[in-house]
Amino acid sequence: MHIVVFDQEGVRHEIAGGSASSVMEMIRDHGLSIAAQCGGSAACATCHVYVDPEWFGRLPPMGEDEDAMIELAVDIKPVSRLSCQLKPDALLDGLVLTLAPGTEF
Amino acid sequence: MLDSKLSASIGQPFSIKNVEDIEPWEYYEALRGDGPIVWDTQMNAWAVLGFEECAFIEMNEDRFRNPYQTVPPVVVEIKGGGRNITLLSGEEHMRMRRFFLKLMTPPLVEGYRNNQVAPTINMLMKRILAKGTGKADLTAEFGDQIPPRVIAALLGMPWEDDAMVARILHLHEEIMEVIGSGFATEDIRQKGLRVSKDINDMLLPYIRDRKANPRDDFISRVWTEAPSEFGDDLTEEDVVAICRELFLGGADTTVHGIANILYLVLTNADIRAAVEADRKTALSSAVEESMRLYGSVMYRFRVANDDCTIAGTEVKRDQRLILLHSAANRDPGKYACPHAADLARKPAADHLAFNKGPRSCVGMGLARAEMRDAVSAVLDNLSNVRLDPEAEQPGFKSLFMRSWRPLNVVFDVAR
Ligand code: HEM
Ligand code: FES
C-alpha cells in the first residue's frame with residue numbers, strides 16, 4: 001500500500017507502507033515533520049490531517065477517542081482525521097492527505 | 001577511561017543508584033549484554049533499557065499503570081491533591097488532559113513565545129550584558145530563570161519578582177527529589193509534605209484572587225473552564241491540584257532541557273555551526289538530539305497490572321518498572337551511532353524524553369519553544385560565546401533530573 005501526502009509547505013511525498021501500523025507512522029517514518037506527540041494514542045491531536053474529499057467517505061468512521069480529541073486540533077475541517085487512528089489497508093491504496101497546520105514539531 | 005566510582009560499581013549488583021552524580025551511559029552500555037530489562041536491587045524494580053520495551057509499556061496503560069493510580073493518601077497530599085492530572089486515570093484523566101491541551105495548542109504556544117518567553121529572555125539577557133564582564137553562568141543566570149518565570153507569567157503570578165522565582169526553583173528541585181526517590185522513606189515523605197504545603201501556599205493567594213477577579217491567565221482559565229469539564233463542584237483544593245502539575249512541569253523539567261541544549265551547542269562545533277546557519281530545521285533537530293542524548297527526566301516508574309513477559313523476562317503482577325529513558329534513548333537497536341549528536345536523524349522527535357502514549361507531556365510545545373529561543377538569544381547576543389576554560393567545568397550530576405551544569409561562559413564585549 002502507498003499513500004500521497006502533501007506536507008505543511010505543500011510539497012508532495014509518495015510514501016510506501018513498510019511495517020507501519022498506522023498512517024501517522026508511515027508519515028513519521030518517512031521523516032516528515034509530524035509531532036505526533038503522544039505516539040499514536042489519540043491523546044494529542046498533533047497528527048491531524050485533511051483527507052482528500054474523494055477519499056474521506058471511504059475511511060472507517062471515527063472512534064470515540066478520536067472524536068473527542070480532534071476538537072483540539074488546529075483549524076479543523078469536515079475532512080479532518082487523526083492519522084494515528086487510520087490503519088494501513090489495501091483498500092486505502094493511493095489515499096491522499098495533507099498535513100494540517102500545528103502538526104510540525 | 002572509566003570513572004573510578006563507575007569501575008567500583010561494575011561487579012556490584014546493578015542499580016541505577018550506582019551512577020548517581022556520574023555520567024551513566026558507559027554503565028548502561030556495559031549492562032545491555034544482559035538484555036533490555038534488568039533487576040535493580042536497590043530500587044526493588046525492573047530497569048527497562050530498551051527503546052521498544054519502554055515505548056510499549058508507556059503506550060499500554062491498561063497493562064502497565066502509572067504508580068500514582070494506587071498510592072497512599074500521603075502521596076496524594078504531596079502531589080497537591082486528588083485532581084492532579086498525574087493521579088487521575090481512565091476517562092477522568094483524558095478529560096483533564098484535553099483541558100490541559102486546550103491551554104497548550106500550537107497557536108496559543110506561539111502567542112506565549114511572544115508574550116511570555118521573549119520578555120523573560122530579553123530581561124535576563126540585558127542583565128548579563130549589563131554586567132559588562134564578558135562572563136556568565138548560563139545555567140544560574142539564564143537557563144534556570146526562564147521556565148519558572150514563563151510559567152509564573154502564564155499562571156498570572158509576578159514573574160519579575162526575583163525572590164519568588166528563586167523560591168519556585170528551590171521548592172520544585174526539592175519536590176523532584178522526593179518524587180525521584182519513589183517516596184521511599186518516612187523522612188522523605190515528611191519532607192514532601194512540607195515542600196508541598198510551601199508550594200500550595202505560593203499559589204493560593206493567586207488562586208483565591210482569580211476566583212473573584214478572573215483575568216487572562218491559566219489560573220483564571222481553570223476557574224472558568226474547568227467546571228464545565230468536570231462538573232460544578234470545583235473547589236479551591238481542586239484548583240490547587242490542577243495548577244500544581246502545570247507549575248511543576250513548567251518550572252523544573254525545562255530548566256534541565258535548556259541547560260542540555262546549551263551544553264550541546266557550546267561543546268559540539270558541528271552542531272553549533274549548523275545551528276548558527278539555520279535557526280529553523282537545524283535548531284529544532286538539535287533540540288531533539290539534546291533531549292534524546294541527555295533528556296532531563298532520566299526515568300519514569302510504571303507497575304505491571306498482571307504477570308507478563310517483557311523481552312523474555314517474566315515480570316510479576318504489581319512489580320515496579322523503571323523506564324530508563326536515559327538508556328533507551330541511546331538504544332543501538334533503535335539509533336545508529338546512538339551516542340553521537342546527528343541532526344540528520346529522521347524523524348528527529350522520535351525519542352522518549354517527553355514519554356510516548358496517553359500521558360506524554362502536554363507542555364512539550366512550550367518546552368521546545370523555550371529551548372529554541374534560549375539558544376537563539378545566546379548566539380545572537382553573546383559574541384563568540386564559549387565555555388570558560390578557567391572556571392568549573394559542567395558535570396552531569398544528580399540522579400532523576402539531570403543536566404550539564406554549571407555553564408560558565410566567556411564572550412567578547414565591545415569596548
Ligand atoms: C524539557 C521539558 C519537559 C520535559 C522533559 C517533560 C517531560 C514529561 C514527561 C516525561 C511526562 C510524562 C510523565 C509520566 O510518566 O506520566 C510529562 C508529562 C506532563 N508534562 Fe511535561 N515535560 C517538560 C515540560 C513541560 C512543561 C513546560 C509543562 C507545562 C507547562 C509540562 C506539563 C506536563 C503535564 C501537565 C504532564 C502530564 C500529562 C498527562 O498526565 O497526561 N511539561 N512531561
Ligand atoms: S499521535 Fe497523538 S493523537 Fe495521533
Side-chain angles (χ1 to χ4, degrees), chain A residues 5 7-9 11 13 15-16 18-50 62-77 80 82-85 87 99-105, chain B residues 51-52 54-62 85 90-91 93-110 229 280-281 283-285 287-288 291 334 344-369 371-372:
Chain A
V5 178
D7 67 22
Q8 297 91 346
E9 255 92 65
V11 180
H13 305 264
I15 303 178
S19 59
S21 63
S22 72
V23 168
M24 176 279 281
E25 287 184 14
M26 290 175 72
I27 300 169
R28 190 191 65 188
D29 295 349
H30 194 73
L32 300 190
S33 180
I34 183 165
Q37 300 187 341
C38 74
S41 302
C44 73
T46 58
C47 63
H48 174 205
V49 293
Y50 301 133
M62 277 194 216
E64 231 175 274
D65 294 346
E66 185 181 352
D67 204 8
M69 191 52 63
I70 203 154
E71 280 172 42
L72 295 176
V74 180
D75 291 343
I76 18 178
K77 296 183 181 175
S80 288
L82 296 179
S83 60
C84 71
Q85 301 304 302
K87 304 282 160 244
L99 296 182
T103 47
E104 52 285 76
F105 67 83
Chain B
F51 179 95
E52 288 307 330
C54 284
F56 179 83
I57 292 167
E58 281 165 26
M59 300 280 297
N60 288 279
E61 271 223 315
D62 49 334
I85 184 167
E91 182 48 32
H93 168 256
M94 262 311 164
R95 259 168 47 200
M96 187 66 82
R97 187 176 165 87
R98 285 198 293 272
F99 173 67
F100 276 46
L101 287 169
K102 262 193 228 164
L103 300 176
M104 296 284 181
T105 61
L108 285 177
V109 169
E110 203 45 38
E229 294 270 347
K280 205 171 170 328
T281 313
L283 176 52
S284 300
S285 303
V287 165
E288 298 314 315
M291 293 309 290
K334 170 80 180 171
R345 278 186 214 282
K346 295 265 184 251
D350 190 17
H351 54 68
L352 296 166
F354 295 109
N355 269 41
K356 300 251 175 201
R359 280 180 199 273
S360 52
C361 180
V362 298
M364 65 176 105
L366 177 62
R368 286 183 168 124
M371 290 188 273
R372 292 170 191 168

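In what follows, chains are A, B, ... by sequence order, proteins preceding strands, each numbered from 1. Since we're looking at a predicted model, the values are computed, not measured.
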With chain B, which of A:Gly39, A:Ala43, A:Gly31 has the greatest number of heavy-atom pairs at distances under 4.5 Å?
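If we count pairs closer than 4.5 Å to chain B, A:Ala43 comes out on top.
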
Quick one: does [X]'s side chain get under 4.5 Å of [Y]'s, heavy atoms only?
X: A:Val23; Y: A:Val49; result: no
X: B:Phe100; Y: B:Cys361; result: no
X: A:Val5; Y: A:Leu99; result: yes

Does A:Glu66 use its side chain to pair, donor to acceptor, with the backbone of A:Met62 at less than 3.5 Å?
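No; judged by distance alone, with no hydrogens or angles, the pair does not exist.
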
Roughly how far, to the nearest 0.5 Å, is CD of A:Gln85 from OG of A:Ser41?
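Rounded to the nearest 0.5 Å, the OG-CD separation comes to 8.0 Å.
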
Heavy-atom distances under 4.5 Å only: say whether B:Glu58 touches chain A with side chain, backbone, both or neither.
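For B:Glu58, no heavy atom lies under 4.5 Å from chain A.
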
If you count heavy-atom pairs within less than 4.5 Å of chain A, which of [options] leads?
options: B:Asp350, B:Thr105, B:Asn355; value: B:Asp350
options: B:Met104, B:Lys356, B:Arg345, B:Arg97; value: B:Arg97
options: B:Pro106, B:Gly357, B:Ser360, B:Ala349; value: B:Gly357

Go through the atoms of A:Ala36 and report whether side chain, backbone, both or neither lie under 4.5 Å from a heavy atom of chain B.
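Contact with chain B: none, neither part.
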
